[in-house]
Amino acid sequence: MRQEIQAQVEELIVPILDDFGYELVDLQYKKEGSSMALCVYIDKPGGITLDDCVTVSREVGAILEIEDPIKAAYRLEVSSPGLDRPLKKPADFERFAGQKIKVKTLCMLDPDRRGHNRKTFTGELLGLEGDMIRIALDDKRGGVAMIAVADLEKANLVEEF
């Protein structure tokens with residue numbers, strides 16, 4: 001049910017976001033406490049400001065009010081993806097090549113074929129090769145991991161200070 005709602009909302013709001021020059025990074029319809037929240041994460045070159053969030057909230061709220069894809073009460077939240085931006089689309093793995101990422105896989109993997117099964121990988125994103133992401137691992141074993149996009153549970157940028 002939640003995935004259907006998210007798909008309907010995404011179909012409604014992506015054209016609006018595109019018109020304003022925003023990218024939809026993530027969309028979540030989730031339970032927060034005793035109520036439901038629709039969380040819309042947006043980005044644009046140069047980053048997101050509070051004014052951007054207000055604009056998107058107003059525009060998205062209006063279309064959702066008219067089309068009414070969510071029958072229950074919910075709270076609309078619009079924000080930037082943050083410093084630990086999720087990487088979801090194949091294009092994300094090309095765009096953010098050269099940056100540090102953390103990947104969690106759906107199951108235990110041995111992507112460098114050294115007998116070290118694990119689910120979490122951290123290192124420099126080298127890019128996308130077919131349907132595989134390449135990561136220069138920054139642990140003591142080093143090497144390059146090749147992980148299928150289909151095996152990802154989640155992937156995020158890691159901000160280095």
Side-chain angles (χ1 to χ4, degrees), residues 1-109 119-123 125-135 146-160:
M1 176 77 164
R2 286 185 192 175
Q3 289 177 336
E4 289 175 22
I5 288 173
Q6 287 177 192
Q8 290 173 351
V9 169
E10 185 172 338
E11 188 176 315
L12 289 169
I13 70 171
V14 165
I16 293 167
L17 296 176
D18 287 347
D19 286 347
F20 281 91
Y22 299 112
E23 171 193 2
L24 178 64
V25 174
D26 199 7
L27 175 74
Q28 299 173 356
Y29 180 59
K30 61 186 180 180
K31 188 167 184 73
E32 286 189 349
S34 61
S35 62
M36 296 299 288
L38 178 65
C39 304
V40 178
Y41 300 94
I42 57 172
D43 203 2
K44 70 175 184 183
I48 294 298
T49 66
L50 183 56
D51 287 341
D52 294 322
C53 293
V54 169
T55 298
V56 170
S57 182
R58 184 177 54 247
E59 296 295 325
V60 166
I63 193 71
L64 294 178
E65 186 73 26
I66 293 166
E67 297 294 332
D68 200 23
I70 305 173
K71 304 304 180 202
Y74 66 94
R75 181 179 62 260
L76 175 62
E77 298 176 3
V78 178
S79 70
S80 75
L83 296 176
D84 60 344
R85 175 197 169 107
L87 305 177
K88 299 214 168 225
K89 300 172 267 200
D92 292 343
F93 295 102
E94 290 293 337
R95 177 178 171 192
F96 293 103
Q99 295 194 37
K100 187 171 182 175
I101 67 167
K102 182 176 183 179
V103 170
K104 185 173 181 186
T105 59
L106 295 167
C107 57
M108 298 291 277
L109 297 178
K119 290 179 72 169
T120 303
F121 303 85
T122 305
L125 175 60
L126 300 175
L128 194 62
E129 192 172 298
D131 66 345
M132 306 287 280
I133 61 168
R134 297 178 61 232
I135 304 170
M146 298 283 288
I147 303 171
V149 173
D151 288 334
L152 297 180
E153 180 176 328
K154 69 181 196 174
N156 296 78
L157 292 178
V158 174
E159 188 62 33
E160 296 182 280

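Along the sequence shown, the residues carry numbers beginning at 1.
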(request) Let me see the working for Tyr74 and Ile5 under side-chain contact (heavy atoms from CB on, under 4.5 Å), right down to the final yes or no. (result) CA-CA 12 Å; Tyr74 66 94; Ile5 288 173; over 6 Å; no
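- Between Asp26 atom CG and Lys154 atom NZ the span is 11.0 Å, to the nearest 0.5 Å.
- Ser35 approaches Arg75 most closely through the heavy-atom pair OG-NH1, 3.4 Å.
- Few gaps surround CD on Glu77; more than 12 heavy atoms of other groups in view lie less than 6.0 Å from it.
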Practice task
Applying salt bridge (Lys or Arg N to Asp or Glu O under 4.0 Å), run through Arg85 and Glu23 and close with a yes or a no.
Solution key: CA-CA 12 Å; Arg85 175 197 169 107; Glu23 171 193 2; 2.9 Å; yes
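- Across every non-hydrogen atom of Leu38 and Leu27, the tightest pair is CD1-CD1, 3.7 Å.
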>> Using the rule given for side-chain contact (heavy atoms from CB on, under 4.5 Å), can you reason through Gln99 versus Leu125, listing the C-alpha separation, both sets of side-chain angles and the distance that settles it, and then say yes or no?
In response: CA-CA 6 Å; Gln99 295 194 37; Leu125 175 60; 5.7 Å; no
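- Using a 4.5 Å heavy-atom threshold, the side chains of Phe20 and Val56 count as separate.
- Between Asn156 and Asp84, the shortest heavy-atom contact is ND2-O, 2.8 Å.
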Please test Val103 against Ile135 for side-chain contact (heavy atoms from CB on, under 4.5 Å), starting from the C-alpha separation and ending with a verdict. CA-CA 9 Å; Val103 170; Ile135 304 170; 3.6 Å; yes
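- Between the CD atom in Glu10 and the CG atom in Leu17 there is a gap of 9.5 Å [rounded to 0.5 Å].
- Residues Tyr29 and Ala72 come closest through the heavy atom pair OH-CB, 4.3 Å.
- Distance alone, capped at 3.5 Å, places no donor-acceptor pair between the Thr120 side chain and the Lys104 backbone.
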Working note: Arg134 + Phe93, criterion side-chain contact (heavy atoms from CB on, under 4.5 Å); need CA distance, chi angles, decisive distance, verdict. CA-CA 9 Å; Arg134 297 178 61 232; Phe93 295 102; over 6 Å; no
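- Between Ser80 and Cys53, the closest heavy-atom pair is N-SG, 4.4 Å.
- One distance of note links CG of Asp131 with CG of Asp151; it measures 9.0 Å at 0.5 Å rounding.
- The side-chain contact (heavy atoms from CB on, under 4.5 Å) search around Glu159 returns Leu83, Phe161, not counting sequence neighbours.
- The two residues Arg2 and Lys31 have their closest heavy-atom pair at NH2-CB, 3.8 Å.
- Thr55 and Asp52 share no side-chain donor-acceptor pair at under 3.5 Å.
- Taking the side chain as every heavy atom from C-beta outward, Pro69 and Glu11 never approach each other to under 4.5 Å.
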